Each structure stands twice: as structure tokens, then as C-alpha cells.
Amino acid sequence: MSEEERDRARRMRWWHEAKFGMFVHFGLYSLIGRHEWVMEMEGIPVAEYEKLADKFNPRPYAARQWARLAKRAGMKYIVMTTKHHEGFCLFNSELTDYCAPKRACGRDLVAEFVEAARAEGLRVGLYYSLMDWHHPDGAKCAWDEDARRRFVSYIHGQIRELMTNYGKIDILWYDVPWPLDVKGWESEKLNRMVRELQPDIIVNNRSGLPGDFSTPEQEVCPPEIPGRAWETCMTMNDSWGYHKADDNWKTPKQILRYLITCVRDGGNYLLNIGPAPDGSVPEESVRILNVVGDWMDKYGYTIYGAEPCDVKSSCFASFTRKGNILYVHVYFWPGEEWAIGGLRTKVRSAELLPDGEPVNFEQNEFRVRFKGLPSEAPDSPISVLKLECESVPKQDMLFIRKNMPRVY
Ligand code: GLC
């Protein structure tokens with residue numbers, strides 16, 4: 001391991017253990033309530049959009065509800081948009097007046113957020129969009145070198161403010177590097193400054209540099225680079241920012257399945273809320289997160305600190321692993337008798353969680369088959385079996401296809 005890899009492993013230990021975080025998309029767009037891209041999607045002129053800053057005034061310490069809810073759902077960290085593409089800053093910036101403390105709100109919402117997160121024992125992440133639809137140089141920087149210099153000094157200056165004024169920050173979550181490249185943004189220099197100001201921080205890959213982790217969006221899609229850290233970020237409906245009419249909510253079961261799949265494949269899961277203009281969390285999100293939280297209270301230990309799992313195939317279950325223990329997360333309960341095919345590791349014992357009642361099973365080279373299980377799903381939304389294996393569990397589905405005796 002190189003010095004750099006060792007340092008990364010040290011900085012990222014808590015994050016790998018944590019697995020589950022909350023994303024918060026909050027900004028002026030919440031007032032319109034039609035997705036955080038509304039400004040560009042509807043071609044709203046800057047002068048018209050800007051006026052929202054004179055209305056945006058969420059209730060004080062709305063972030064406390066977010067942080068409590070995140071903790072309640074079993075999340076270990078929380079990442080908030082400090083400036084989305086719209087360019088409005090939720091923090092106090094000396095570099096612009098287009099920020100919450102200097103407009104209707106009159107308060108530093110990043111300060112409130114950071115305090116609320118820490119009060120719940122959550123790690124703190126700050127999202128910052130490089131793309132900026134409001135700054136006069138935000139597009140021009142692509143073809144005008146003076147504009148680029150001004151804009152890059154603005155961006156670096158704001159990141160410096162974020163890395164200086166709020167104590168220890170655990171994650172810096174860049175977004176959309178349009179319209180510049182790594183050279184244009186001076187990303188190396190930027191990340192060096194970040195590291196100097198926050199020696200323990202972890203940084204994502206959306207400044208164009210690889211950073212510490214990759215960020216697949218809306219899908220569980222691990223990067224193909226072996227050993228590379230990654231985090232899937234996902235919305236609960238179809239919008240990151242508050243959307244009054246978007247009712248395409250995922251179910252708690254779907255969300256837990258995504259979480260389990262991320263963990264199985266060695267990644268993290270960052271699940272989003274889009275608070276309403278007053279800062280309150282949409283009721284449906286609260287309902288979903290409460291169900292997720294009930295499940296995490298019982299089974300969270302099958303998630304936190306789990307290791308990548310080689311067992312992946314089943315039509316009704318997904319898997320997580322800790323050492324030689326395989327957790328079978330059954331999302332469509334098949335009834336009293338069923339099997340996992342291709343498990344090539346000897347199973348020593350099987351239990352039904354959360355209580356640990358022993359489960360009858362038999363195993364041959366093709367399958368491990370459970371018997372005498374409840375006919376109805378013992379828990380909701382996902383039931384869990386614990387299998388203790390002789391060594392790290394391995395699955396080989398091709399072994400079945402090739403070797404299963406054929407009848408002629
Ligand atoms: C995208 C979108 C953005 C959202 C982000 C979250 O890049 O532009 O609206 O904030 O992804 O990952």
C-alpha cells in the first residue's frame with residue numbers, strides 16, 4: 001500500500017462502516033416546487049428567478065428535523081446542498097450577496113445544518129455545485145480567460161469559506177463541473193487546499209478528479225475499477241429538490257433493497273429528501289423513512305460494517321456478508337420451503353432473525369434447502385436469515401448449469 005492509499009483507508013474507515021447517508025436538496029427551487037432544475041428547464045431569466053431570494057425564509061432550525069429523521073432511519077451521515085446549480089448560497093459568503101444570510105432568510109443555513117447534524121451524532125457532508133447558472137462568469141468562463149480567472153477565484157474562495165467556517169467537515173460533495181475541465185477549474189489546487197484545511201475529509205469525483213469515491217446516480221452500478229470506493233445517490237421520488245406534484249415514490253421495500261444491494265457490492269447508499277420551502281420534510285418521505293428506520297433498528301447490524309458479498313443470485317432474496325456469516329434478505333417470501341442455489345460453501349447453521357430460531361436445512365453441492373419455515377413472511381418489508389458458513393461464502397451458478405446430472 002502506498003502512503004496515499006494508507007491515508008485514504010484511514011480517512012474512509014468510518015464511511016465504509018457507515019453505509020447509509022441522507023442527501024438533502026434545499027434551495028430557492030423549493031419555492032417553485034417543480035424540481036431543482038426548474039430555472040434552466042423552464043428558461044427562467046436570472047432577474048426573475050433571483051427574486052425568490054427575497055421570499056425564501058425557511059423556519060429556523062428546520063435542519064433539526066432532517067437530522068433527527070436521518071438518525072431515525074439508521075443513516076450515519078448527512079450531506080446538504082450548500083449551493084446548487086441555481087447559484088444561491090445557503091451559507092454566508094463574503095464573495096456574493098446572493099446568499100441566505102443577506103436575503104429574506106437572514107440566517108446561515110449551513111451553520112444551522114452543521115449544528116443539527118452534529119447534535120444527532122451524524123457525520124457532516126457539504127454538497128457544492130461548480131456549475132453556476134447565476135454567476136455572470138458561470139458560462140463565459142469557457143471562452144474568456146479573464147472570466148475563467150474571476151470565476152475560479154470565486155469558486156475556490158467559496159470552497160475555502162465552507163472548509164474554514166464550519167468546523168470539521170467529513171465529506172465534500174462536488175457536483176457538475178460544466179463548463180470547465182480539471183485544468184480550467186484548477187481542481188488539483190482546489191483539492192490540495194481542501195486537504196490542508198480539512199485533513200480528514202473525503203472528497204467525491206465530480207470536480208473531474210477521481211477523488212476518494214465514485215458517485216453513480218439513481219442506479220446501483222459499481223465502478224469497474226477494483227477496490228474503488230463508491231456511493232449510489234438516489235431520490236425517493238423522481239426529483240432531488242422539492243416537487244409538489246411528483247408522486248412517484250419508491251416503497252420502503254424498494255429503498256431497503258437498494259441499500260442492501262449497495263452494501264452487498266461494497267458501496268454506500270445516499271438517499272435524498274427535498275424539503276418544502278419552510279424546510280419541512282414531505283410527509284411521504286417521513287413515512288418511508290420511519291418504516292426504513294424500524295427495519296434498521298432490528299437488522300442494521302447486517303448492514304453496517306458488512307463486507308462485499310460474492311453471493312448474489314436469487315429471485316426473491318439479496319445478501320450481505322460479515323466474515324463467514326451470510327445474511328439472506330428475503331424481499332418476496334416464498335413460503336415454507338425454498339433454496340439458495342450454487343452456494344459452494346458449507347453452511348454450519350441457519351437461523352431466522354431477529355430472534356435467532358434455528359432453521360432446518362439440508363445442503364448438497366447444488367443447493368442449500370430450507371424447510372419448516374413460516375408460510376407467511378415473518379417480517380416486513382424484508383425478512384432475514386442468518387447462515388453461518390465454514391468459510392467466506394461463495395456462489396457459483398455455472399456449476400449448477402454445467403454439472404447438474406441430466407436425465408436422458
Ligand atoms: C445531478 C443533478 C442534480 C443533483 C445531483 C445529485 O448532477 O444535476 O440536480 O443535485 O445530480 O447527484
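Numbers for residues simply follow the sequence, beginning at 1. Owing to the predicted nature of the structure, the values given are computational and were not obtained by experimental measurement. When a ligand or atom number is given, it counts from 1 through the structure's own listing order.
- In terms of polar-atom proximity, defined here as any N/O pair under 3.5 Å, Trp173 makes no such contact with ligand 1.
- In this pair, Trp15 and Tyr77 present their aromatic rings tilted. The plane angle is within the 30 to 60° band.
- Where the criterion is an N or O separation shorter than 3.5 Å, residue side chain and backbone included, His25 meets it with respect to ligand 1.
- Ligand 1 is approached by His84 to a heavy-atom distance shorter than 4.0 Å.
- Residue Arg206 touches ligand 1 through its side chain alone, judged by heavy-atom distances below 4.0 Å.
- Pairs of residues two or more places apart, or lying in two chains, that qualify as ring pair (Phe, Tyr, Trp, His ring centres under 6.0 Å) and include a residue from residues 175-198 are Phe151-Trp185.
- Remark: distances from the non-hydrogen atoms of Trp178 to ligand 1 are all 4.0 Å or more.
- In this structure, a donor-acceptor pair under 3.5 Å is absent between the side chains of Tyr154 and Asp132.
- Between Trp333 and Phe316, the distance from one ring center to the other does not fall under 6.0 angstrom.
- Atoms of ligand 1 lying under 4.0 Å from at least one heavy atom of Cys233, given by number and element, are 12 (O).
- Those atoms of ligand 1 with a heavy atom of His85 less than 4.0 angstrom away are 2 (C), 3 (C), 8 (O), 9 (O).
- Contact annotation for Asn272 and ligand 1: no heavy atom of the residue comes within less than 4.0 Å of the ligand.
- Proximity of Val176 to ligand 1, defined as any heavy-atom pair under 4.0 Å, is confined to the side chain (atoms from C-beta onward).
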